[in-house]
Trainee: 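Below are the structure tokens for one structure; questions will follow.
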Amino acid sequence: MSETLSAGSPTGSSTPLMRFAALGTSILATLLGLLWALNAADTGMAIHGWIFTLASALTLGYLAKNLNPTKVNPFEAVDQGYSFSVVRYGAIASIFWGVVGFLVGLVIALQLAAPALNFDWPFTNFGRLRPLHTSAVIFAFGGNVLLCTSFYTVQRTCRTKLAGELAPWFVFWGYQLFIVLAATGYVLGITQGKEYAEPEWYVDLWLTVVWVVYLLVFLGTLMKRKEPHIYVGNWFFLAFIVTVAMLHLVNNTTIPLSLTSSSSVIVWSGVQDAMVQWWYGHNAVGFFLTAGFLGIMYYFVPKRAERPIYSYRLSIIHFWSLIFLYIWAGPHHLHYTALPDWAQTLGMVFSVMLWMPSWGGMINGLMTLSGAWDKLRTDPVIRMLVVSVAFYGMSTFEGPVMSIKAVNSLSHYTDWTIGHVHSGALGWVGFVSFGALYCLVPWVWGRERLYSVKMVSWHFWIATIGIVLYICAMWVAGIMQGLMWRTYNSLGFLEYSFAETVAAMSPYYWIRALGGLLFVIGSLIMAYNLYKTIRGDLREEDLPTGQVATA
């Protein structure tokens with residue numbers, strides 16, 4: 001499982017012309033940021049203007065300091081043509097944003113159990129912290145995991161370095177700026193009110209620029225590959241990048257009130273807006289949280305198991321069927337609404353059809369361990385990766401079932417949906433991300449092994465117990481909610497008031513908070529373990545027989 005170490009620098013071998021162009025762009029961005037901040041129509045817009053100015057000025061200072069084109073990267077002989085420094089930064093950002101996102105999730109879980117924890121202050125209100133949590137976990141944590149793993153995987157499977165010298169760094173730091181602008185916007189109350197797409201128009205424009213460069217870097221790397229074949233994991237990464245770009249552009253088409261205002265008007269209206277929103281929302285799950293992380297699965301599971309993928313032919317079938325079917329499933333979020341019935345039925349049918357390719361991918365991932373099942377006993381990292389695939393299978397079975405109209409009439413708008421989302425988010429996305437980071441950090445830092453293998457096992461079991469508590473509590477709470485909402489007395493009136501249904505949820509909300517606390521503790525164990533690994537420390541411990549000791 002040896003991997004080539006790289007320690008490239010962001011400016012190590014870029015051309016003088018490229019450096020001066022980047023310098024000029026940074027000067028222009030700094031001036032535009034100042035203009036933006038000084039002419040903002042509202043406080044939130046001004047704060048974001050100053051943040052953009054500071055980021056541009058820091059970039060300008062860094063580029064000016066490293067303008068010398070004769071600067072030589074001393075690690076180029078070791079790199080063997082790879083660019084892994086940006087992968088390192090991505091791994092560190094993933095760990096940081098993961099802990100932040102999980103902590104905010106714990107806070108809002110406690111707010112639901114004990115509303116007094118909102119503190120009657122707008123900046124700590126559930127209504128602002130909830131989108132902060134979802135965006136921090138999905139886009140900050142998940143997005144950075146996808147950035148660093150896709151940059152790593154495409155280089156290794158194409159046997160070439162990333163396209164562009166400064167472009168990958170622009171993607172990384174530009175994405176961090178997007179996260180900061182989005183997060184501060186939520187706390188300041190700047191939102192366009194669209195699920196998973198809350199940032200306002202100017203933040204969306206910035207993300208569009210960053211995402212286009214991301215696509216160009218990925219495509220450029222594929223085009224100059226030294227391998228004739230494009231590995232299936234890269235197909236999933238490419239589908240994720242292209243489709244998310246399309247979804248983002250259509251769903252976030254807005255008209256700003258003015259160029260100095262943080263507010264805008266969505267071009268879509270009524271049921272059309274609802275349809276576009278859930279076409280975006282479901283496919284953000286389908287391509288950001290599924291296709292992208294399947295790219296991780298198809299590289300890291302075989303690599304860690306030291307086995308080829310079980311069936312490459314099945315992986316291709318999995319890819320094309322998933323890509324074709326997923327894009328049509330969004331209307332199942334709008335059952336029993338003003339959306340035409342035929343569109344609702346179409347979404348339901350395609351959702352049920354998704355069960356087959358999804359389970360094909362799950363089977364492919366699990367069966368990759370054929371002949372290596374003993375590794376589940378000896379290697380907690382592969383255990384985490386395999387359990388993530390099992391959660392993927394469970395979530396992709398539950399989702400189609402919940403899309404059926406008769407089931408949806410009970411489950412929709414209840415905490416059952418929350419349990420379903422978190423079985424996928426914590427179990428599938430969380431565990432496959434943790435497993436990938438446990439693999440990636442020793443590889444790109446050139447460490448013998450992780451600081452502590454036993455701590456990985458502790459992380460696994462604590463987080464697994466947390467997930468089980470969380471999703472089981474939400475399943476029970478959601479089904480109870482649905483049944484209470486549809487219970488009538490002998491006179492034909494509702495048996496329970498809405499306040500009574502909320503009161504009945506209290507014990508389950510506390511159980512959910514406990515599950516969330518355990519998941520946070522697991523992430524802190526991971527952060528400490530990886531920090532010590534990066535430092536090069538090794539904890540003295542007896543490894544199980546057969547344990548992979550080296551990276």
Side-chain angles (χ1 to χ4, degrees), residues 146 149-150 153-154 156-158 218-219 222 225 227-244 246-247 279 282-330 332 346-373 382 385-404 424 427-429 431-432 435-436:
L146 288 168
T149 54
S150 63
T153 301
V154 74
R156 296 295 301 177
T157 56
C158 293
F218 199 86
L219 282 175
L222 289 174
R225 68 186 184 277
E227 286 288 339
H229 185 74
I230 299 177
Y231 184 64
V232 67
N234 292 327
W235 283 106
F236 278 98
F237 282 127
L238 187 59
F240 136 70
I241 298 168
V242 171
T243 310
V244 166
M246 176 182 67
L247 297 169
W279 170 76
H282 188 78
N283 288 296
V285 173
F287 288 87
F288 200 99
L289 296 178
T290 303
F293 288 91
L294 284 170
I296 297 175
M297 181 197 82
Y298 273 114
Y299 182 84
F300 285 89
V301 171
K303 192 70 181 177
R304 189 73 185 188
E306 297 181 306
R307 292 289 188 278
I309 194 71
Y310 173 68
S311 171
Y312 202 80
R313 181 176 297 176
L314 180 57
S315 71
I316 300 301
I317 296 172
H318 177 207
F319 173 78
W320 286 110
S321 54
L322 192 80
I323 297 309
F324 175 73
L325 294 176
Y326 228 120
I327 205 76
W328 302 96
H332 76 229
L346 180 73
M348 178 184 72
V349 170
F350 275 91
S351 300
V352 173
M353 291 168 66
L354 269 171
W355 181 13
M356 293 175 282
S358 298
W359 271 38
M362 175 196 68
I363 292 168
N364 212 8
L366 293 177
M367 293 304 293
T368 298
L369 265 76
S370 296
W373 290 107
I382 195 68
L385 288 168
V386 168
V387 169
S388 77
V389 178
F391 270 106
Y392 170 65
M394 182 179 69
S395 299
T396 52
F397 170 76
E398 185 184 25
V401 169
M402 293 175 72
S403 74
I404 298 171
W428 159 235
V429 173
F431 270 16
V432 78

Trainee: Quick one, Asn364 and Tyr298 - any side-chain contact, counting heavy atoms below 4.5 Å?
Mentor: yes
Trainee: Let me confirm one number: the OG-CZ distance from Ser315 to Phe236, rounded to the nearest 0.5 Å.
Mentor: 7.0 Å
Trainee: Show which side-chain atoms of residues 319-327 pair as donor or acceptor with protein atoms under 3.5 Å away, not counting sequence neighbours.
Mentor:
| residue | atom | partner | partner atom | Å |
| --- | --- | --- | --- | --- |
| Ser321 | OG | Ile317 | O | 2.6 |
| Ser321 | OG | His318 | O | 3.3 |

Trainee: Atom OG1 of Thr149 and atom CD1 of Ile296: how far apart are they, to the nearest 0.5 Å?
Mentor: 3.5 Å
Trainee: Sequence neighbours left out, what passes side-chain contact (heavy atoms from CB on, under 4.5 Å) with Pro302? Give chain and number order.
Mentor: Tyr231, Ile309, Thr368
Trainee: Specify the closest pair of heavy atoms between His332 and Met348, including all atoms of both residues, with the distance to one decimal.
Mentor: CB-N, 4.3 Å
Trainee: Give, for atom CG of Leu366 and atom OH of Tyr310, the distance between the pair rounded to the nearest 0.5 Å.
Mentor: 11.5 Å
Trainee: Is any side-chain heavy atom of Leu294 closer than 4.5 Å to a side-chain heavy atom of Val432?
Mentor: no
Trainee: Below 4.5 Å, heavy atoms only, C-beta onward: do Phe287 and Val242 meet side chain to side chain?
Mentor: no
Trainee: Would you say Leu385 and Arg304 make side-chain contact, with heavy atoms under 4.5 Å?
Mentor: yes
Trainee: Taking the six-membered ring where the residue is Trp, are the ring centres of Tyr312 and His229 under 6.0 Å apart?
Mentor: yes
Trainee: Of all the heavy-atom pairs spanning Thr153 and Phe300, show the shortest one and how long it is.
Mentor: OG1-CE1, 4.0 Å
Trainee: Kindly say whether Leu222 contributes a backbone atom to a donor-acceptor pair with the side chain of Arg225 at under 3.5 angstrom?
Mentor: yes
Trainee: For side-chain contact (heavy atoms from CB on, under 4.5 Å), just list the numbers for Ser358 and Thr290, CA-CA rounded to whole Å, side-chain angles, deciding distance to a tenth of an Å, and then say yes or no.
Mentor: CA-CA 10 Å; Ser358 298; Thr290 303; over 6 Å; no
Trainee: Under 4.5 Å between any side-chain heavy atoms of Val301 and Leu369, yes or no?
Mentor: yes
Trainee: Please check if the number of heavy atoms outside Trp279 that lie under 6.0 Å from its CH2 is greater than 12.
Mentor: yes
Trainee: Would you check if Tyr299 and Thr157 make a side-chain contact, meaning some heavy-atom pair closer than 4.5 Å?
Mentor: yes
Trainee: Could you check whether any side-chain heavy atom of Met362 comes within less than 4.5 Å of a side-chain heavy atom of Trp359, counting everything from C-beta outward?
Mentor: yes
Trainee: I'd like to check Leu354 versus Ser403 (side-chain heavy atoms, cut-off strictly below 4.5 Å). Are they in contact?
Mentor: no
Trainee: When rounded to the nearest 0.5 angstrom, what distance separates CE in Met402 from OG in Ser351?
Mentor: 11.5 Å
Trainee: Between Thr243 (side chain) and Phe240 (backbone), is there a donor-acceptor pair under 3.5 Å?
Mentor: no
Trainee: Parallel, tilted or perpendicular: which describes the rings of Phe431 and Phe391, with under 30° parallel and over 60° perpendicular?
Mentor: perpendicular
